[in-house]
Structures are given as structure tokens and as C-alpha cells.
Amino acid sequence: MSQGSTIEWTDATWNPVRGCTKISPGCAHCYAETFSERFRGVPGHPYEQGFDLRLVPEKLAEPLRWTKPSMIFVNSMSDLFHEEVPDEYIVQVARVMQQANWHHYQVLTKRSQRMGSLLHAKLRFVERLGHIWWGVSVENRKHGLPRVEHLRNSPAGLRFLSIEPLLEDVGRIDLEGIHWVIVGGESGAGARPMRKEWVRAIRDQCADARVPFFFKQWGGVRKSDHGRMLNGRICAQFPCVTTQPVLAKEQRLIAISDVEAQWCHSLGQLPDRSLQVIA
Ligand code: SF4
């Protein structure tokens with residue numbers, strides 16, 4: 001787990017999977033790919049394999065070890081619902097989130113159909129837990145709005161949208177059943193522009209629907225030049241949260257050994273998909 005994330009809407013990142021493949025225009029300047037590829041071939045570095053997808057099971061139990069209640073962005077460097085991540089492994093990730101319930105988890109995907117299918121089936125045991133937030137990325141109408149429909153039709157305690165990088169006016173968004181909206185522009189080399197009126201239109205829809213709205217950044221090639229003020233103020237609303245007490249140390253240690261025993265068992269049963277498993 002990485003503590004002290006610089007991402008404005010979370011406290012920490014947890015990456016039991018690393019690497020991904022591009023799926024839609026929002027991926028064009030993927031920061032995770034840029035970061036990972038910087039270290040390809042560096043012996044012993046966590047990203048020695050660059051952005052190639054791989055499971056990192058020794059990371060699975062980390063939230064159970066972390067005693068400070070936090071907002072945790074799950075797989076900031078990957079997509080949990082990537083087609084190459086086995087169902088059994090996703091279930092293991094969900095079991096950890098279920099057990100370490102003093103944290104809040106922000107699970108964000110572009111593979112919304114697979115997330116929905118699993119929430120209807122193998123993930124039913126966590127579908128309504130309020131401390132696990134299920135979200136989809138939206139960058140435009142064509143690719144993003146269908147994901148909103150998949151999310152709305154998924155059983156979930158809390159659903160959110162990350163509308164970033166916002167690449168065009170996405171028009172009317174049906175916010176029925178959506179509990180939180182984040183908006184941000186693209187940053188870094190080659191950043192595509194985001195217009196103020198696109199952002200304001202989403203903010204106004206959220207206000208009308210009484211959905212908490214979080215404006216992350218304007219972005220740009222040098223994002224520090226543009227900041228995150230919207231009409232002279234910072235918009236940083238969150239859904240209401242309730243925090244559970246941290247498990248006693250003895251119980252956490254038992255839970256950690258259970259998780260490790262479970263993933264060892266599951267990984268032994270995984271089909272060979274040419275995935276590199278770092279154990
Ligand atoms: S889905 Fe996310 S992590 Fe994967 S390539 Fe696209 S932006 Fe990067």
C-alpha cells in the first residue's frame with residue numbers, strides 16, 4: 001500500500017494488480033503506463049516488467065496491516081476488472097475489503113460490464129457494503145455513458161463516476177442511483193483541453209440531483225499553472241461516511257494469515273494465462 005497519495009480524492013493507493021492494456025480514448029495518456037514503463041528492465045524494481053499485467057499477491061493483505069482508517073484507491077496502477085485478472089483473484093481482493101472494513105475503498109474501472117456481472121454473481125457477498133465504493137470512468141459520450149448504465153444496473157452500496165479526463169461535453173447524465181461524481185481534466189505532456197462549460201454543466205446536474213461533486217483539477221501540460229478552483233472556490237464534496245472500529249491486533253493477524261492461506265490455495269488453482277505472478 002502506498003500511503004499519502006497525491007491524488008486529491010483519496011488517502012492511499014493499494015495495487016494488488018499491476019499493469020493494464022488500453023481500452024478507450026481516456027487511456028491515451030495513461031499516467032500508470034507512463035510511470036511503469038519508466039522502470040521497465042530495472043532489476044528488482046516493482047515495475048521491472050513495465051506496464052505488463054501481473055498479479056501481486058503479496059500485496060493482498062496490506063489493508064489489514066494498516067491501522068489508520070483511510071480512503072483507499074484500489075488499483076491506481078491497473079484495472080481490477082481487466083479480462084486477464086482471474087475471477088478468483090478479484091474475489092480475494094473483495095474478501096480483504098470486506099474484512100478490513102475500517103477503511104473505505106474506491107474501486108474504479110473502465111471494464112464496467114465485467115464488474116457488473118461479478119457483482120451479480122461471485123461478488124454478491126460484498127455488493128451492498130457501504131465502505132466499498134464501485135465506480136466507472138467516463139471520458140466521453142460514446143465510451144463513458146454506457147459504463148454509467150452498467151454501473152447503475154449493478155447492485156452496489158455506493159456508486160460513483162470519475163469523469164476524467166473529460167474530453168467533450170457529455171451532455172445529460174442520468175444520475176439516478178449515482179452517489180458521487182468526480183470531474184477532472186487531463187494533465188501532462190499532450191494533455192487534451194477541457195472547457196469550463198463542460199465542467200459547469202456537470203456540476204449543475206449534480207447540484208440538481210443532490211449528488212456530491214468533487215472537482216479535481218483543470219489539468220493541462222503543467223497542471224500546477226491551472227489549479228482546481230471552480231468559480232473561485234474548491235469543490236470537494238464526498239459522500240457521507242461512517243467509520244468502523246479497527247480490528248484488534250490478534251484478530252487482524254488471524255485475518256492476514258487467512259488471506260495469505262486463501263490466495264496461496266487459489267493461485268494454485270488458477271488457469272495458466274501466462275500471467276506473471278510475483279509471490
Ligand atoms: S484502463 Fe486505466 S490503467 Fe488501464 S490503460 Fe486505461 S487508463 Fe490506464
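Read the numbers this way: they start at 1 and go in the same order the structure lists the ligands and their atoms. Quick note: numbers below take in every heavy atom, side chains included, and nothing from hydrogens, waters or symmetry partners.
Under 4.0 angstrom from ligand 1, there are no non-hydrogen atoms of Glu164. Within the 4.0 Å heavy-atom criterion, the part of Thr21 lying near ligand 1 is the backbone and not the side chain.
For Ser78 (side chain) and Gly19 (main-chain N/O), a donor-acceptor pair under 3.5 Å exists by modelled atom type. Looking at His103, its side chain does come within 3.5 Å of a backbone N or O of Pro63 through a donor-acceptor pair. Judged purely by atom type and a 3.5 angstrom limit, Ser154 has no side-chain atom pairing as donor or acceptor with the backbone of Ala156.
Residues in residues 67-86 take part in these ring pair (Phe, Tyr, Trp, His ring centres under 6.0 Å) pairs, two or more places apart or across chains: Trp9-Phe73.
The line from OH of Tyr47 to CZ of Phe39 is 9.5 Å long, rounded to the nearest 0.5 Å.
Within the set His82, Arg111, Glu139, the minimum heavy-atom distance to atom 1 (S) of ligand 1 is found for Arg111.
Between the side chains of His29 and Glu186, a donor-acceptor pair is found at a separation under 3.5 Å. Ser112 and His150 are linked by a side-chain donor-acceptor pair at a separation below 3.5 angstrom, with hydrogens and angles left out of the test.
Around atom 8 (Fe) of ligand 1, the protein atoms of type N, O or S found under 2.8 Å away are Cys30 SG, listed by chain and number.
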